[in-house]
Asker: 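For reference, the structure I am asking about is given below.
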Amino acid sequence: MGMVRLLVSRVGAWAPSLGRRLFSHGEGSGVRVRFGPSPTGFLHLGGLRTALYNYIFAKKHGGRFVLRIEDTDQSRLVPGAAEGIEDILQWAGIPPDESPRRGGPCGPYQQSERLDLYLKAAETLVKRNAAYYCFCTPSRLELLKKEALRMRQTPKYDNRCRHLTSNQIQERLAQGCPHVIRFCLEEGTVTFEDLVYGLNRMEPAHVEGDPVIIKADGFPTYHLANVVDDHHMNISHVLRGTEWLTSTAKHVLMYRALGWKPPIFAHLPLLLNKSGSKLSKRQSDLFIQNFSQSGYLPEALLDIVTNCGSGFSGNRFGRTLEEMVSEFNVTRITTHSALLDHDKLPEFNRIHLLHRIENSSLRQQLVMELQALVEKVYKEELLEGQALCTDYMERVLLHRKGHITSLLDLVKPAHSYLWIRPHVAWEQMEELTTDGEKICSMVISLYQNWPSDNGTLAELNSELRSLQTRFTTTKYSVMMKLLRLALSGQQHGPSVAEMMLSLGTKEVCERLQRMIIH
Ligand code: GLU
């Protein structure tokens, strides 16, 4: 690894004014980008960031966003993962224009269905002496590795099969000897420009042996497959994680050997946990599926990944996707590692939830989600009739907006009073004041005549205040405690007036009446 670092030099961070071209042809002409996840599990925040930046880049330049499933490592496939990734992109509001599910002019979009293309490219390379058959056995490779480690060197293949004669090769092929195909890494310095990391000079042949491009099972390795696909899918820009930056030199050599023009590269800086540790693909607290099940909205997740990274003139949350598209500039991406700050997520979610509640068509969707949640959590305990009715749900949402960070908050015990009647013992009320009965019946009379359009919080508050003045022995704060207890069975929570407006006349009167006829 140290060796890799030594041989990679970056000639300063590129500044757009130095003339690095964002497009190889005209501005935005034929922009095509791709997101190429391996279906080895759930999509996580790192993957979502790559997908999002590709999506934004495509939309910004009137291009196409392609989803390509990179499933060439058959041993690591997880059933359902590819479908799950496409579902999540849809959920996040960044669906691909072309994908396995949607199809498109450059399909199939699943690498396991494109094997002939990789084999054809490998054959071309072999014919041009840029690739060769390798018959080295796993035990020989293991021995080489052990030997290198013993000598404190970076293990690398010694390119032995490069030197086999064509007779030797034919003979071994005829004998059916297991083999792979390796790409001949040209000696020397490879130079390429990256929109984020600037000019890179690398000497891949110094760092590693000739890489395998077709494995013993006939499948390509990632390196060949991504070059072949990016070429055949007319990909104009490759935006991917910086972990692929060192491999890019190898890819550039492959493009050259195949006589193809490479795309323009833009590597995204490392995404780290807030503590500075690396994100792990297995870190379940990063899985998008888990966030969505915990009530997080896609907008909040997109905020998290754009606010820790760069590409925008500054950090700000609450951007809509359209705003992201208009404010994004790939040349503003910096090489600093981006730290994911999960702690901001609830606050981001609160704000986006508030926006959704305020938007009447988005609110309808929330109403349905809340109905399903309440039904699931409270089942047969539900308040008859009222609890699941749409108007009621809407009222609750409008009153609680800005106070809740997720819809799930509304089915937690603190909000149970919205769905089930509380059990309150008369003794609890008596402990507060001896005016309990009187207060309850006066509030009933007040609320029975409350305007059917529900009035406002301020109006109800002021009515409650003036009602309290009739009691010399019960302070306002005590009266509120008593009413809160009667209505919700709790000592804390939303204001009494809000509870009353949410619950509605019939339910409020029922609950207070129960306190009178204890
Ligand atoms: N399949 C690679 C991954 O899982 C994609 C790398 C690339 O975008 O070239 O990250």
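Residues: numbered from 1 along the sequence shown. Remember, it's 1-based here, ligands and their atoms both numbered in the order they're listed.
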Asker: Going by the atom numbers of ligand 1, which of them fall below 4.0 Å from some non-hydrogen atom of E70?
Answerer: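 Ligand 1 atoms under the 4.0 Å threshold to E70: 1 (N), 2 (C), 5 (C).
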Asker: Are the side chains of M324 and F312 in touch, meaning some heavy atoms are under 4.5 Å apart?
Answerer: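 Yes. Closest side-chain heavy atoms under 4.5 Å.
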Asker: Between F265, F35, W244, which one has a non-hydrogen atom sitting closest to atom 6 (C) of ligand 1?
Answerer: W244
Asker: State, with a plain yes or no, whether a side-chain heavy atom of I333 is found less than 4.5 Å away from one of L195.
Answerer: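 No, every pair of side-chain atoms sits at 4.5 Å or beyond.
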Asker: Using the salt bridge (Lys or Arg N to Asp or Glu O under 4.0 Å) rule, collect all pairs that involve residues 213-222, keeping only residues at least two apart or in two chains.
Answerer: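 Checked against salt bridge (Lys or Arg N to Asp or Glu O under 4.0 Å) - neighbours excluded - no pair reaches residues 213-222.
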Asker: Please list the nearest protein heavy atom to atom 5 (C) of ligand 1 with its residue and the distance rounded to 0.1 Å.
Answerer: G36 O, 3.1 Å
Asker: Examine ligand 1 and decide if any of its atoms is less than 4.0 Å from a heavy atom belonging to R34.
Answerer: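 Right, R34 reaches ligand 1.
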Asker: Using a 4.0 Å cutoff against the non-hydrogen atoms of Y222, which atoms of ligand 1 qualify?
Answerer: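 What qualifies from ligand 1 is 5 (C), 6 (C), 7 (C), 9 (O).
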Asker: Of the options E98, E86, R34, which is the one that meets Y109 in a side-chain hydrogen bond (donor to acceptor under 3.5 Å, both in side chains)?
Answerer: E98
Asker: Can you tell me how far the CG atom of L407 sits from the CD1 atom of I357, to the nearest 0.5 Å?
Answerer: 7.0 Å
Asker: Relative to the heavy atoms of S38, which atoms of ligand 1 are at a distance of less than 4.0 Å?
Answerer: 1 (N), 4 (O)
Asker: Mind checking what makes side chain to side chain contact (heavy atoms under 4.5 Å, CB included) contact with Q170, not counting sequence neighbours?
Answerer: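 Side chain to side chain contact (heavy atoms under 4.5 Å, CB included) list for Q170, sorted by chain: L173.
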Asker: Hey, does P37 come in under 3.5 Å of ligand 1, counting only N/O atoms on both sides?
Answerer: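 No, there is no polar N/O contact under 3.5 Å.
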